[in-house]
A.B. asks: 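One structure is given below, represented as C-alpha coordinates, and several questions about it will come after.
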Amino acid sequence: MQGEFLPLGATIDAKGCNFSVYSLGAYRVELCLFDKCENQIAKFPLDVKQGHLWSIFIENVKAGQLYGYRVFGENNVNHGVIFDENNLLIDPYAKALNRVQHSFEGTEITPAGHHIVKSVVVDDAFDWEGVQKPQIADSDRILYEVHVKGFSRLNDKIELAKQGKYLGLSDPASIAHYKKLGITSLQIMPVFSFMSEPRLKSLGLTNYWGYNPINFLHLSIAIRNMMGLKSSKPWSSNYTKLA
(Lines give C-alpha, C1' and ligand atoms only; values in the text may rest on other atoms or scores of the structure.)
Protein backbone atom coordinates (compact mmCIF):
# COMPACT_ATOMS: atom_id res chain seq x y z
CA MET A 1 0.00 0.00 0.00
CA GLN A 2 1.02 3.59 -0.54
CA GLY A 3 2.37 5.02 2.67
CA GLU A 4 2.54 8.41 4.31
CA PHE A 5 5.78 10.33 3.93
CA LEU A 6 5.64 11.80 7.43
CA PRO A 7 6.53 11.02 10.11
CA LEU A 8 9.88 9.53 9.13
CA GLY A 9 10.76 6.10 10.52
CA ALA A 10 8.50 3.15 11.28
CA THR A 11 5.07 4.02 12.72
CA ILE A 12 2.60 1.30 13.62
CA ASP A 13 -1.16 1.39 13.96
CA ALA A 14 -3.90 -1.23 14.29
CA LYS A 15 -3.60 -2.23 10.63
CA GLY A 16 0.16 -2.42 10.16
CA CYS A 17 3.19 -0.19 9.86
CA ASN A 18 4.12 2.87 7.82
CA PHE A 19 7.76 3.12 6.77
CA SER A 20 9.27 6.39 5.58
CA VAL A 21 12.87 7.40 4.88
CA TYR A 22 14.75 10.26 3.23
CA SER A 23 17.32 9.59 0.51
CA LEU A 24 18.90 12.17 -1.79
CA GLY A 25 20.21 10.68 -5.03
CA ALA A 26 18.58 7.25 -4.86
CA TYR A 27 16.58 5.92 -7.80
CA ARG A 28 15.15 2.96 -5.85
CA VAL A 29 14.71 2.11 -2.16
CA GLU A 30 13.73 -1.34 -0.89
CA LEU A 31 12.36 -2.21 2.53
CA CYS A 32 13.66 -5.60 3.70
CA LEU A 33 11.94 -7.56 6.46
CA PHE A 34 13.75 -10.18 8.54
CA ASP A 35 12.71 -12.98 10.87
CA LYS A 36 14.03 -13.24 14.43
CA CYS A 37 17.10 -15.12 13.16
CA GLU A 38 17.86 -12.18 10.82
CA ASN A 39 17.02 -14.10 7.65
CA GLN A 40 15.38 -11.91 5.03
CA ILE A 41 11.78 -12.96 4.47
CA ALA A 42 10.42 -10.21 2.21
CA LYS A 43 11.29 -7.02 0.35
CA PHE A 44 9.14 -4.18 -0.95
CA PRO A 45 9.92 -1.19 -3.20
CA LEU A 46 9.04 2.16 -1.67
CA ASP A 47 7.15 4.94 -3.44
CA VAL A 48 9.00 8.21 -3.95
CA LYS A 49 7.74 11.75 -3.48
CA GLN A 50 9.21 15.09 -4.44
CA GLY A 51 11.53 16.08 -1.61
CA HIS A 52 13.41 12.77 -1.70
CA LEU A 53 11.02 11.06 0.72
CA TRP A 54 10.24 7.38 0.22
CA SER A 55 7.43 5.46 1.93
CA ILE A 56 5.26 2.36 2.02
CA PHE A 57 2.58 0.91 4.31
CA ILE A 58 2.78 -2.82 5.08
CA GLU A 59 -0.27 -4.48 6.61
CA ASN A 60 -0.04 -6.80 9.63
CA VAL A 61 3.45 -5.68 10.67
CA LYS A 62 3.71 -5.71 14.46
CA ALA A 63 6.06 -4.28 17.04
CA GLY A 64 9.27 -6.31 17.12
CA GLN A 65 9.55 -6.70 13.35
CA LEU A 66 13.17 -6.52 12.14
CA TYR A 67 13.89 -4.48 9.03
CA GLY A 68 16.47 -2.56 7.03
CA TYR A 69 16.85 -0.73 3.72
CA ARG A 70 18.69 -1.30 0.48
CA VAL A 71 19.24 1.88 -1.50
CA PHE A 72 20.04 1.93 -5.22
CA GLY A 73 21.90 4.78 -6.87
CA GLU A 74 25.12 5.92 -8.50
CA ASN A 75 28.35 4.45 -7.16
CA ASN A 76 31.07 6.88 -8.16
CA VAL A 77 33.63 7.99 -5.63
CA ASN A 78 34.77 10.80 -7.91
CA HIS A 79 31.28 12.25 -7.80
CA GLY A 80 31.07 11.85 -4.03
CA VAL A 81 28.35 9.20 -4.09
CA ILE A 82 28.72 5.58 -2.99
CA PHE A 83 25.40 3.79 -3.31
CA ASP A 84 25.56 0.00 -3.00
CA GLU A 85 22.38 -2.06 -2.80
CA ASN A 86 24.41 -4.99 -1.44
CA ASN A 87 24.92 -3.04 1.78
CA LEU A 88 21.94 -3.34 4.08
CA LEU A 89 21.37 -0.01 5.83
CA ILE A 90 20.10 0.87 9.29
CA ASP A 91 17.04 3.09 9.28
CA PRO A 92 18.41 6.46 10.50
CA TYR A 93 15.02 7.07 12.13
CA ALA A 94 14.79 3.65 13.83
CA LYS A 95 13.81 3.85 17.48
CA ALA A 96 15.43 0.51 18.32
CA LEU A 97 18.16 -1.82 17.09
CA ASN A 98 18.18 -5.55 17.79
CA ARG A 99 21.79 -5.87 19.00
CA VAL A 100 25.13 -4.12 19.37
CA GLN A 101 27.07 -3.20 16.23
CA HIS A 102 30.63 -3.56 17.51
CA SER A 103 32.36 -2.61 14.28
CA PHE A 104 32.06 -2.38 10.51
CA GLU A 105 35.78 -3.02 10.10
CA GLY A 106 36.70 -6.48 8.85
CA THR A 107 33.07 -7.60 8.53
CA GLU A 108 32.13 -9.69 5.54
CA ILE A 109 29.74 -7.68 3.39
CA THR A 110 27.18 -10.04 1.89
CA PRO A 111 23.80 -9.51 0.24
CA ALA A 112 22.25 -11.39 3.17
CA GLY A 113 23.14 -8.49 5.46
CA HIS A 114 24.05 -10.61 8.48
CA HIS A 115 26.91 -8.24 9.36
CA ILE A 116 24.54 -5.32 10.00
CA VAL A 117 22.28 -4.84 13.00
CA LYS A 118 18.60 -4.70 12.20
CA SER A 119 16.24 -1.85 12.87
CA VAL A 120 13.24 -2.80 15.01
CA VAL A 121 9.64 -1.63 14.75
CA VAL A 122 8.51 -0.42 18.17
CA ASP A 123 5.25 0.58 19.78
CA ASP A 124 6.24 3.76 21.59
CA ALA A 125 2.82 4.56 23.00
CA PHE A 126 3.21 5.69 26.61
CA ASP A 127 0.73 6.83 29.25
CA TRP A 128 2.14 9.93 30.91
CA GLU A 129 -0.73 9.81 33.43
CA GLY A 130 -1.48 13.49 33.02
CA VAL A 131 2.09 14.72 33.46
CA GLN A 132 2.69 17.80 31.32
CA LYS A 133 5.94 18.91 29.74
CA PRO A 134 7.48 21.72 31.82
CA GLN A 135 6.82 25.09 30.17
CA ILE A 136 10.19 26.78 30.59
CA ALA A 137 10.82 29.92 28.55
CA ASP A 138 14.05 29.89 26.56
CA SER A 139 15.14 33.02 28.39
CA ASP A 140 14.79 31.19 31.73
CA ARG A 141 16.34 27.88 30.72
CA ILE A 142 19.69 26.92 32.25
CA LEU A 143 21.20 23.74 30.80
CA TYR A 144 23.50 21.40 32.69
CA GLU A 145 25.41 18.94 30.51
CA VAL A 146 26.03 15.62 32.23
CA HIS A 147 27.46 12.21 31.48
CA VAL A 148 25.12 9.56 32.88
CA LYS A 149 27.88 7.42 34.38
CA GLY A 150 30.42 10.11 35.22
CA PHE A 151 27.97 12.38 37.03
CA SER A 152 27.31 10.13 40.01
CA ARG A 153 29.74 7.20 39.77
CA LEU A 154 31.86 8.42 42.72
CA ASN A 155 29.22 10.43 44.58
CA ASP A 156 28.97 8.91 48.06
CA LYS A 157 25.82 10.96 48.74
CA ILE A 158 24.01 8.61 46.37
CA GLU A 159 23.43 5.00 47.34
CA LEU A 160 25.80 2.57 45.66
CA ALA A 161 23.08 0.83 43.64
CA LYS A 162 22.26 4.13 41.88
CA GLN A 163 25.77 5.47 41.35
CA GLY A 164 26.68 5.89 37.69
CA LYS A 165 23.14 5.05 36.55
CA TYR A 166 20.09 6.92 35.31
CA LEU A 167 18.63 6.66 38.79
CA GLY A 168 21.64 8.59 39.97
CA LEU A 169 20.50 11.56 37.90
CA SER A 170 17.11 11.63 39.64
CA ASP A 171 18.32 10.89 43.16
CA PRO A 172 17.18 13.48 45.74
CA ALA A 173 20.82 14.47 46.31
CA SER A 174 21.19 15.16 42.59
CA ILE A 175 17.93 17.13 42.43
CA ALA A 176 19.09 19.26 45.35
CA HIS A 177 22.39 19.88 43.56
CA TYR A 178 20.66 21.04 40.36
CA LYS A 179 18.32 23.35 42.23
CA LYS A 180 21.17 24.84 44.25
CA LEU A 181 22.89 25.73 40.97
CA GLY A 182 19.66 27.08 39.45
CA ILE A 183 19.55 24.36 36.79
CA THR A 184 16.23 23.96 34.98
CA SER A 185 17.12 21.25 32.44
CA LEU A 186 19.63 18.45 31.96
CA GLN A 187 21.37 17.86 28.65
CA ILE A 188 22.52 14.27 28.79
CA MET A 189 25.67 13.50 26.85
CA PRO A 190 25.31 10.92 24.03
CA VAL A 191 23.52 7.75 25.11
CA PHE A 192 22.45 6.58 21.65
CA SER A 193 23.92 3.63 19.78
CA PHE A 194 27.56 4.10 18.90
CA MET A 195 30.74 2.15 18.13
CA SER A 196 34.20 2.55 19.59
CA GLU A 197 36.84 3.59 17.06
CA PRO A 198 39.20 0.83 15.77
CA ARG A 199 42.23 2.49 17.37
CA LEU A 200 40.59 2.53 20.79
CA LYS A 201 39.55 -1.10 20.44
CA SER A 202 43.12 -2.06 19.49
CA LEU A 203 44.23 -0.53 22.80
CA GLY A 204 41.56 -2.38 24.75
CA LEU A 205 39.61 0.85 25.31
CA THR A 206 36.09 2.06 24.55
CA ASN A 207 34.64 5.41 23.55
CA TYR A 208 33.50 6.70 26.92
CA TRP A 209 31.72 9.74 25.47
CA GLY A 210 29.69 8.03 22.74
CA TYR A 211 30.67 10.45 19.98
CA ASN A 212 30.74 7.87 17.18
CA PRO A 213 27.03 7.26 16.59
CA ILE A 214 25.37 4.83 14.21
CA ASN A 215 21.80 5.81 15.20
CA PHE A 216 20.44 8.84 17.02
CA LEU A 217 17.12 7.53 18.39
CA HIS A 218 18.01 4.24 20.06
CA LEU A 219 19.43 4.06 23.56
CA SER A 220 22.77 2.25 23.38
CA ILE A 221 22.32 -1.41 24.30
CA ALA A 222 25.69 -1.36 26.04
CA ILE A 223 24.69 1.64 28.16
CA ARG A 224 21.23 0.20 28.78
CA ASN A 225 22.73 -3.03 30.10
CA MET A 226 25.24 -1.11 32.21
CA MET A 227 22.37 0.84 33.73
CA GLY A 228 20.46 -2.32 34.55
CA LEU A 229 17.62 -1.67 32.10
CA LYS A 230 16.31 -4.91 30.63
CA SER A 231 13.35 -3.64 28.61
CA SER A 232 13.67 -2.51 25.00
CA LYS A 233 11.87 0.59 26.24
CA PRO A 234 14.38 2.59 28.27
CA TRP A 235 11.79 4.83 29.84
CA SER A 236 9.91 4.11 33.03
CA SER A 237 6.66 5.14 34.69
CA ASN A 238 8.82 6.60 37.46
CA TYR A 239 9.70 10.21 36.87
CA THR A 240 11.07 13.11 38.86
CA LYS A 241 10.08 16.76 38.61
CA LEU A 242 12.55 19.47 39.58
CA ALA A 243 9.81 21.87 40.64
A.B. asks: Please indicate whether Lys49 has more than 12 foreign heavy atoms, meaning atoms of other residues, nucleotides or ligands, lying under 6.0 Å from its NZ.
C.D. replies: no
A.B. asks: Met189 and Trp209: which non-hydrogen atoms are nearest, and at how many Å?
C.D. replies: CE-CE3, 3.4 Å
A.B. asks: Would Val146 end up clustered with Val148 when hydrophobic side chains under 4.5 Å apart are linked, directly or stepwise?
C.D. replies: yes
A.B. asks: Report the C-alpha separation of Lys133 and Trp128 in whole Å, then their side-chain angles, then the decisive distance to 0.1 Å, and conclude whether the side-chain contact (heavy atoms from CB on, under 4.5 Å) test is met.
C.D. replies: CA-CA 10 Å; Lys133 180 180 179 180; Trp128 287 96; over 6 Å; no
A.B. asks: Check whether more than 12 heavy atoms from other residues, nucleotides or ligands sit under 6.0 Å from atom CZ of Arg153, and answer yes or no.
C.D. replies: no
A.B. asks: With no hydrogens and no angle check, is any side-chain donor or acceptor of Asn215 less than 3.5 Å from a backbone partner on Ser193?
C.D. replies: no
A.B. asks: Taking side chain to side chain contact (heavy atoms under 4.5 Å, CB included) as the criterion, tell me which of Val29, Leu8, Val121 meets it with Phe19.
C.D. replies: Val121
A.B. asks: Testing Phe34, Tyr67, Tyr69 for side chain to side chain contact (heavy atoms under 4.5 Å, CB included) with Leu88, which one passes?
C.D. replies: Phe34
A.B. asks: In this structure, would Phe57 and Val120 fall into the same cluster of hydrophobic residues linked by side-chain contacts under 4.5 Å?
C.D. replies: no
A.B. asks: Where is the tightest heavy-atom contact between Asp91 and Ala10, given as atom of each residue plus distance?
C.D. replies: OD2-N, 4.2 Å
A.B. asks: Quick check: closest heavy atoms across Arg99 and Lys118, and the distance to 0.1 Å?
C.D. replies: NH2-NZ, 4.1 Å
A.B. asks: Treat each ILVMFWY residue as a node, draw an edge where side-chain heavy atoms are under 4.5 Å apart, and state whether Ile56 and Leu6 are in one component.
C.D. replies: yes
A.B. asks: Okay, side chain of Asn18, backbone of Glu4: is any donor-acceptor separation there less than 3.5 Å?
C.D. replies: yes
A.B. asks: Between Phe151 and His177, how do the two ring planes meet: parallel, tilted or perpendicular, split at 30° and 60°?
C.D. replies: tilted
A.B. asks: Would you please test Leu97 and Ser119 for side-chain contact (heavy atoms from CB on, under 4.5 Å) and show each step?
C.D. replies: CA-CA 5 Å; Leu97 302 177; Ser119 305; 4.2 Å; yes
A.B. asks: Nearest 0.5 Å please: distance from the CG atom of Leu181 over to the OH atom of Tyr144.
C.D. replies: 6.0 Å
A.B. asks: side-chain hydrogen bond (donor to acceptor under 3.5 Å, both in side chains) for Gln163 and Asn155? Distances and angles first, verdict last.
C.D. replies: CA-CA 7 Å; Gln163 290 178 12; Asn155 190 342; over 6 Å; no
A.B. asks: In sequence, state the C-alpha distance, the side-chain angles, and the governing distance for Ile116 and Ile90, and then conclude on side-chain contact (heavy atoms from CB on, under 4.5 Å).
C.D. replies: CA-CA 8 Å; Ile116 297 296; Ile90 298 168; 4.0 Å; yes
A.B. asks: Under a 4.0 Å threshold between the charged nitrogen and the carboxylate oxygen, would Glu85 count as salt-bridged to Arg28?
C.D. replies: no
A.B. asks: Between Ser20 and Gly9, is there a donor-acceptor pair closer than 3.5 Å when you use the side chain of the first and the backbone of the second?
C.D. replies: no
A.B. asks: Considering all heavy atoms of both residues, which atom of Ile158 and which atom of Gly168 are nearest to each other, and what is their separation?
C.D. replies: CD1-O, 3.7 Å
A.B. asks: Under 3.5 Å, is there a donor-acceptor pair between the side chain of Asn207 and the main chain of Phe194?
C.D. replies: no
A.B. asks: As an exercise, state the distance from CG of Leu169 to NE2 of His147, rounded to the nearest 0.5 Å.
C.D. replies: 10.5 Å
A.B. asks: Is there side-chain contact between Asp35 and Leu66, with at least one heavy-atom pair below 4.5 Å?
C.D. replies: no
A.B. asks: Are Tyr27 and Tyr22 joined in one hydrophobic group, where the rule is that I, L, V, M, F, W and Y side chains link up if heavy atoms are under 4.5 Å apart?
C.D. replies: no
A.B. asks: CD of Glu159 to CG of Asp171: how many Å apart, nearest 0.5 Å?
C.D. replies: 7.0 Å
A.B. asks: Can you list the steps and then say if Lys15 with Met1 is a side-chain contact (heavy atoms from CB on, under 4.5 Å)?
C.D. replies: CA-CA 11 Å; Lys15 296 181 179 180; Met1 289 179 62; over 6 Å; no
A.B. asks: Got a donor-acceptor contact below 3.5 angstrom from the Ser185 side chain to the Leu143 backbone?
C.D. replies: no
A.B. asks: Just wondering, more than 12 heavy atoms not from Glu74 lying within 6.0 Å of its CD?
C.D. replies: yes
A.B. asks: Side-chain heavy atoms nearer than 4.5 Å, only ILVMFWY residues, links allowed to pass through others: does that put Leu217 and Phe126 together?
C.D. replies: no
A.B. asks: Kindly compute the distance separating CH2 (Trp54) from CG (Leu31), expressed to the nearest 0.5 Å.
C.D. replies: 13.0 Å
A.B. asks: Using a 3.5 Å distance criterion without hydrogens, assess whether the side chain of Asn75 forms a donor-acceptor pair with backbone atoms of Phe83.
C.D. replies: yes
A.B. asks: When you measure from the side chain of Glu38 to the backbone of Lys36, do you find a donor-acceptor pair of N or O atoms at a distance under 3.5 Å?
C.D. replies: no
A.B. asks: With rounding to the nearest 0.5 angstrom, report the CG to CG distance, Leu53 to Asp47.
C.D. replies: 12.0 Å
A.B. asks: Do the side chains of Ile12 and Cys17 get nearer than 4.5 Å, heavy atoms only?
C.D. replies: yes
A.B. asks: Taking only residues two or more places apart in sequence, or in another chain, which ones meet Phe216 in a ring-ring contact (aromatic ring centres under 6.0 Å, His included)?
C.D. replies: Phe192
A.B. asks: Does the Thr184 side chain pair with the main chain of Arg141, one donor and one acceptor, at a distance under 3.5 Å?
C.D. replies: no
A.B. asks: If I take atom CD1 from residue Ile183 and atom OG from residue Ser174, how far apart are they, to the nearest 0.5 angstrom?
C.D. replies: 12.5 Å
A.B. asks: Can you tell me if Glu197 uses its side chain to pair, donor with acceptor, with the backbone of Thr206 under 3.5 Å?
C.D. replies: no
A.B. asks: Report yes or no: does Lys62 contribute a side-chain atom to a donor-acceptor pair with the main-chain N or O of Asn60 at less than 3.5 Å?
C.D. replies: no
A.B. asks: Grab the two heavy atoms, one from Ala63 and one from Asp123, that are nearest each other, plus how far apart they are.
C.D. replies: CB-N, 3.8 Å
